[in-house]
Amino acid sequence: MWKVIFHNLWSRRKKVGWIFAELVIVTMILWVLLDVSAVFLYNKSLPTGYDNDHLCQVDLRAYFEADPMYKAEYATDEAYMENIERILRKVKSYEGVENATYLFTSWQYLGTTAVQTYNIKSGNPAVDSLVNSIHVMRFHPNTNYFETYGFETTEGSPTLEELSKMNFSWKDAVITEDVAKRFFGNENAVGKKLFFIDWKKDTIWCPIRAVVKDVRHQSYRPNSALMFRVQAKPEVYDYCKLVVRVKDGIDMRDFLKGFDEFANKEFNVGNFYAQKVESLNEIIKKSENDFVTRNNLTLTLTIFFLINLSLGVVGTFWLQTRSRVEEMGVLRTFGATKWNIRAMLLGEGFVLSTLAVFVGCMLYLQIALRTEFVGTNIGMFYDRANAVDCWIFHFGEHFSSVSLLCYAVITITVLVGIYIPAHSISNVNPIDALRDE
């Protein structure tokens, strides 16, 4: 059977040559679109690592000295801190609130003024040579930070309740599961130490107090390798964020309607006032809008391209197969069964699509490598140094996965385009098929 299939393709090489070239070009275009879409959908499918659906955020702002609402007697650090604590108590007493914490930060997600990158080491050269830098997030101890966000601790690590009561020093750290595995393998990392070199060239050893499961600090990116460290209180309290956790079973939209009015009325304490109240999901959506819009556009183009690909390829192979009625009639007269004819036609499509996808992927690979396209534009939009290890950042796995996806899409499309007319012409009476002959 395979000998007949290859013989048929070779004898019809002039007719199938242009179809082969079309499939090669389609493969290269499809590779780019599927790559970006596959990475985007994969990242979106990952758990965030914290309970963002039950969180909202209050932006507190402080009046400046030139503002008529400014009160000089509340402008000391002690007064600012006391008023923040008063507001936090009011938040926790509000019906429907399960927990709350505060952050002195402008960052939208988990509480850091920027995505700080540290080169963390363990002192084991064999491990440190393989470990890249990780992100550092900031939190305030004894503020129910981990409980409010709803992180998950790993086995052998203190619970969230214990973390809320724990006395942290400025050197202490909480790390994600990926960081623990990078440095310590399957050992329990709690109680061990990591270090970094600070701006003074001093070696700062950080005792690990707990390990939490991997977290995505930006929802469109893969999980990031994170370390949580204590944040010093600022000298000037001109802003503060309150992160509020709503109890299960409460609709966030209904909660925000009443809570927004409550915040505007009750949070005018000292020099503070509530500037804005929003759900965390809404904040994430706004801040990621440009990136998500670009990826959604790519996803839409991919779907549009797949529809046109299906129509074009199916139509092409449909016509090609229908034009071979007389040829199939001859085979039937020589004893070929209906199954033989269908298998032969499907086999030709399978071989043609397999060769075309292979050539298309190899051509794309050469173009990508020669133009440095691989490192920046095939779905690897992220800094690998801080990401949890996954297939996206392994070129072999990445290229193979997307190539197999392209192969599956094109092969299925081609076989569908062949099977329907092949089923029809295999049932044609040989006498009717050869009448014109």
Side-chain angles (χ1 to χ4, degrees), residues 1-39 41 298-299 301-325 327-328 331 340-371 373-374 377-379 391 395-426:
M1 174 65 74
W2 289 108
K3 184 177 180 181
V4 174
I5 289 173
F6 283 105
H7 179 271
N8 287 344
L9 288 174
W10 180 253
S11 63
R12 300 177 63 249
R13 58 187 178 277
K14 291 184 179 179
K15 292 183 179 180
V16 301
W18 67 273
I19 300 178
F20 178 81
E22 176 187 344
L23 289 177
V24 169
I25 296 172
V26 164
T27 297
M28 297 172 69
I29 298 173
L30 185 62
W31 208 105
V32 178
L33 295 174
L34 282 181
D35 177 46
V36 176
S37 299
V39 171
L41 292 175
T298 303
L299 187 59
L301 288 174
T302 303
I303 296 173
F304 179 76
F305 183 78
L306 287 175
I307 294 173
N308 284 275
L309 166 67
S310 301
L311 294 175
V313 172
V314 168
T316 298
F317 280 91
W318 188 300
L319 293 174
Q320 285 289 317
T321 305
R322 291 291 301 176
S323 68
R324 301 174 67 182
V325 174
E327 180 185 344
M328 298 305 109
L331 292 175
N340 291 144
I341 291 175
R342 295 170 191 169
M344 183 187 70
L345 293 173
L346 289 172
E348 290 178 9
F350 175 78
V351 171
L352 191 64
S353 60
T354 299
L355 292 175
V357 171
F358 177 79
V359 172
C361 289
M362 290 301 103
L363 285 176
Y364 176 78
L365 177 61
Q366 295 306 311
I367 295 173
L369 292 174
R370 292 177 184 276
T371 59
F373 199 57
V374 169
N377 292 306
I378 63 169
W391 66 273
F395 178 73
E397 293 180 28
H398 190 129
F399 185 79
S400 299
S401 299
V402 180
S403 296
L404 286 173
L405 186 59
C406 288
Y407 177 62
V409 170
I410 291 179
T411 302
I412 291 172
T413 304
V414 168
L415 294 182
V416 169
I418 292 175
Y419 179 78
I420 299 175
H423 183 273
S424 176
I425 66 176
S426 66

**OP:** Would you check, one step at a time, whether the test side-chain contact (heavy atoms from CB on, under 4.5 Å) holds for L405 with L30?
**Re:** CA-CA 10 Å; L405 186 59; L30 185 62; over 6 Å; no
**OP:** Evaluate the criterion side-chain contact (heavy atoms from CB on, under 4.5 Å) for residue pair F350 and T354; output intermediate values, then yes/no.
**Re:** CA-CA 6 Å; F350 175 78; T354 299; 3.9 Å; yes
Original post:
Do L363 and V24 pass the side-chain contact (heavy atoms from CB on, under 4.5 Å) test, and can you show the C-alpha distance, the side-chain angles, and the key distance before you say yes or no?
Top reply: CA-CA 9 Å; L363 285 176; V24 169; 3.9 Å; yes
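The structure places OH of Y407 at 11.0 Å from SG of C361, a figure rounded to the nearest 0.5 Å. Here CE of M28 is found 11.0 Å from SG of C406. Values are rounded to the nearest 0.5 Å. From S403, atom OG reaches atom CG of L34 across 10.0 Å, with rounding to the nearest 0.5 Å. In this structure, the separation between CD1 on I410 and CH2 on W31 is 13.0 Å, given to the nearest 0.5 Å.
None of L33, V26, T27 except one satisfies the side chain to side chain contact (heavy atoms under 4.5 Å, CB included) rule with I29; the exception is L33.
Closest of all the heavy-atom pairs between V414 and S353 is CG2-CB, 4.1 Å. Across A356 and L23, no two heavy atoms sit closer than the pair CB-CB, 3.5 Å.
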